[in-house]
Amino acid sequence: MPELPEVETVVRLIRPRLVGRTIGAADVAWRRTVGGAPRGRFERAVQGARIAQVWRRGKFIAIDLEREGALAGWLVGHLRMTGRLHVESASWDAGPYRRLSLDLDDGRRFHFIDVRKFGRLVHVFDLPALLGALGPEPLGEEFTAEGFADGLRSRRRRLKPLLLDQAFVAGLGNIYADESLHRAGLHPLARSDRVGRAAALRLHAAIRSVLREAIEREGSSFDAFYRTPEGRPGRYQDEFQVYGREGEPCLTCGEPITRIVVGQRGTHLCRRCQRR
DNA sequence: ATCCTATCCTGGCTGC
DNA sequence: TGCAGCCAGGATAGGA
């Protein structure tokens with residue numbers, strides 16, 4: 001699933017193809033993708049706007065729009081499970097799962113493709129309100145070891161659901177939460193306020209190193225869904241220690257990897273490396 | 001405060 | 001071979 005490393009990869013690759021472009025006609029093939037707004041309203045909001053910048057916050061993709069140099073709102077994207085972004089020549093066939101296309105002034109088209117239709121690309125005027133609820137950026141300076149340790153202590157939640165809570169830390173999803181917990185040697189059901197200081201620091205470092213390594217490899221592609229905007233699969237799935245490895249030996253100790261369900265989410269761990 | 005369940009969706013898998 | 005039924009999973013809303 002697209003999590004922070006996949007979204008970062010997408011943003012890096014589409015940014016040079018979008019910044020400076022002016023949007024022409026919009027073709028909304030699935031209304032909910034644009035937030036349920038009437039087609040005409042979405043089209044009026046984006047047509048003629050110039051893309052000033054493309055950036056990421058957590059798993060959100062933000063596209064700054066302007067008209068005559070003044071801010072004209074934002075396009076906010078979220079890939080959810082199966083969303084993909086492409087900037088391609090006008091003749092490119094976006095396939096049956098194309099949900100939204102925007103014409104660009106260089107003759108290319110920007111496509112939002114999404115099999116399961118959970119993804120969004122919405123026009124908003126108040127982006128700060130939307131992103132304000134997010135926790136710290138895990139690769140940013142504001143994500144300090146001390147703050148993270150305090151955060152764990154001040155709550156009484158199981159580690160896995162807490163790591164998935166975007167208000168606690170922004171950008172982790174099911175894969176990187178499992179991989180980070182394994183790297184730190186912590187059980188996903190451990191209560192956050194009972195995690196010792198040394199363990200909290202280990203988890204903080206594990207989250208950052210796992211995410212950095214995944215970005216270096218352009219994210220993870222373990223099924224047919226995630227691809228970079230250039231159609232390449234990521235390579236971090238080759239580095240998975242626990243995710244999707246149920247029954248296979250732990251690469252650290254040889255114990256078979258266990259799969260449990262935590263908060264409705266498949267959760268993978270090594271019972272020997274990650275004791276409660 | 002935290003947890004649990006349902007919802008949104010569809011391709012892919014399982015089992016008959 | 002065909003088909004019904006179940007499942008995954010990010011985010012959110014509502015109830016316990």
Side-chain angles (χ1 to χ4, degrees), chain A residues 1-11 28-37 56-62 76-85 94-100 112-122 124 127 129-135 137-138 150-181 188-195 207 211 214 219-227 233-234 237 240 242-247 257 259-268:
Chain A
M1 311 305 126
E3 305 178 24
L4 188 152
E6 290 76 28
V7 177
E8 178 65 26
T9 301
V10 167
V11 165
V28 180
W30 184 254
R31 226 156 62 89
R32 295 185 81 136
T33 298
V34 298
R56 176 192 63 75
R57 174 77 170 93
K59 301 177 201 171
F60 287 93
I61 296 160
V76 199
H78 198 302
L79 304 176
R80 294 286 182 101
M81 323 286 295
T82 55
R84 288 164 68 167
L85 299 180
Y97 307 120
R98 184 185 70 86
R99 307 303 179 197
L100 168 70
F112 193 106
I113 298 168
D114 190 12
V115 172
R116 291 186 193 163
K117 300 178 175 175
F118 284 2
R120 296 288 179 265
L121 191 69
V122 180
V124 300
L127 184 65
L130 216 149
L131 301 184
L134 293 177
E137 202 48 48
D150 287 347
L152 291 180
R153 226 178 304 128
S154 68
R155 300 172 200 234
R156 300 176 179 188
R157 293 182 64 183
R158 300 174 300 179
L159 287 180
K160 172 77 184 276
L162 185 55
L163 292 185
L164 293 179
D165 184 343
Q166 302 300 300
F168 184 69
V169 54
L172 289 176
N174 212 32
I175 294 172
Y176 299 108
D178 283 2
E179 292 295 320
S180 298
L181 286 167
L189 294 175
R191 282 221 343 210
S192 63
D193 58 326
R194 296 198 199 143
V195 168
I207 290 168
L211 292 177
S220 308
S221 303
F222 54 90
D223 61 22
F225 294 125
Y226 170 72
R227 292 291 182 276
Q237 67 280 4
F240 287 171
V242 287
Y243 189 83
R245 298 193 63 243
E246 182 183 15
I257 299 300
R259 182 182 185 276
I260 60 176
V261 175
V262 182
Q264 318 276 87
R265 292 285 170 269
T267 298
H268 312 77

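Lettering of chains follows the sequences in order, A, B, ..., and the numbering in each one begins at 1.
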Quick one, [X] and [Y] - any side-chain contact, counting heavy atoms below 4.5 Å?
X: A:Val10; Y: A:Arg84; value: no
X: A:Leu100; Y: A:Val28; value: yes
X: A:Tyr97; Y: A:Thr82; value: no
X: A:Ile260; Y: A:Leu189; value: yes
X: A:Ile61; Y: A:Val7; value: yes
X: A:Arg259; Y: A:Val261; value: yes
X: A:Phe240; Y: A:His268; value: no
X: A:Asp178; Y: A:Pro188; value: no

Counting any heavy atom closer than 4.0 Å, what does A:Phe168 reach on the DNA or RNA strands: base, sugar-phosphate only, or nothing?
->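 No contact.
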Select base, sugar-phosphate, or nothing to describe what A:Gly266 touches, counting heavy atoms under 4.0 Å on all strands.
-> sugar-phosphate
Shortest side-chain distance from [X], nucleotide among [options]:
X: A:Gln264; options: C:dG10, B:dC3, B:dA6; result: B:dA6
X: A:Lys117; options: B:dT10, B:dT2, C:dG9; result: B:dT10
X: A:Arg155; options: B:dT10, B:dT2, B:dC8; result: B:dT2
X: A:Arg156; options: C:dG9, B:dC9, B:dT2; result: B:dT2

Whole Å only: how far is the [atom1] atom of [X] from the [atom2] atom of [N]?
X: A:Arg116; N: B:dT7; atom1: CZ; atom2: P; result: 18 Å
X: A:Arg191; N: B:dT2; atom1: CZ; atom2: P; result: 9 Å
X: A:Trp30; N: B:dC8; atom1: CH2; atom2: P; result: 11 Å
X: A:Asp193; N: B:dA1; atom1: CG; atom2: P; result: 14 Å
X: A:Leu163; N: B:dT2; atom1: CG; atom2: P; result: 14 Å
X: A:Lys160; N: C:dG9; atom1: NZ; atom2: P; result: 8 Å
X: A:Met81; N: B:dG11; atom1: CE; atom2: P; result: 14 Å
X: A:Leu4; N: C:dG10; atom1: CG; atom2: P; result: 13 Å

Examine C:dG9: is either OP1 or OP2 under 4.0 Å from a nitrogen or oxygen in the side chain of A:Tyr243? Give yes or no.
-> yes
Between the protein and nucleotides 3-7 of chain C, which nitrogen or oxygen pairs are less than 3.5 angstrom apart?
none

How close do A:Arg245 and A:Ile257 get, heavy atom to heavy atom, and via which atoms?
->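 For A:Arg245 versus A:Ile257, the nearest heavy atoms are O-CB, 3.3 Å.
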At their closest point, which heavy atom of A:Asn174 faces which heavy atom of A:Arg265, and how far apart are they?
->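 Minimum heavy-atom separation between A:Asn174 and A:Arg265: OD1-CB, 3.6 Å.
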Which residue, A:Tyr97 or A:Arg157, contacts DNA chain B at a nucleotide closer to its 5' end, judged by nearest heavy atom?
->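 On the 5' side of the pair lies A:Arg157.
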Determine, for nucleotides 11-16 of chain C in 5'-to-3' order, which nucleotides have protein heavy atoms under 4.0 Å from the base (write B), from only the sugar-phosphate (write S), or from neither (write -).
-> B-----
What is the distance from atom CZ of A:Arg191 to atom CZ of A:Arg157, rounded to the nearest 0.5 Å?
-> 12.0 Å
So what does the secondary structure string of DNA chain B come out as, 5' to 3', with Watson-Crick or wobble pairs under 3.5 angstrom, [ ] for crossing and | for pairs with another strand?
-> .|||||||||||||||
Does the distance from a Lys or Arg side-chain N to an Asp or Glu carboxylate O, for A:Asp150 and A:Arg153, drop under 4.0 Å?
->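 Yes.
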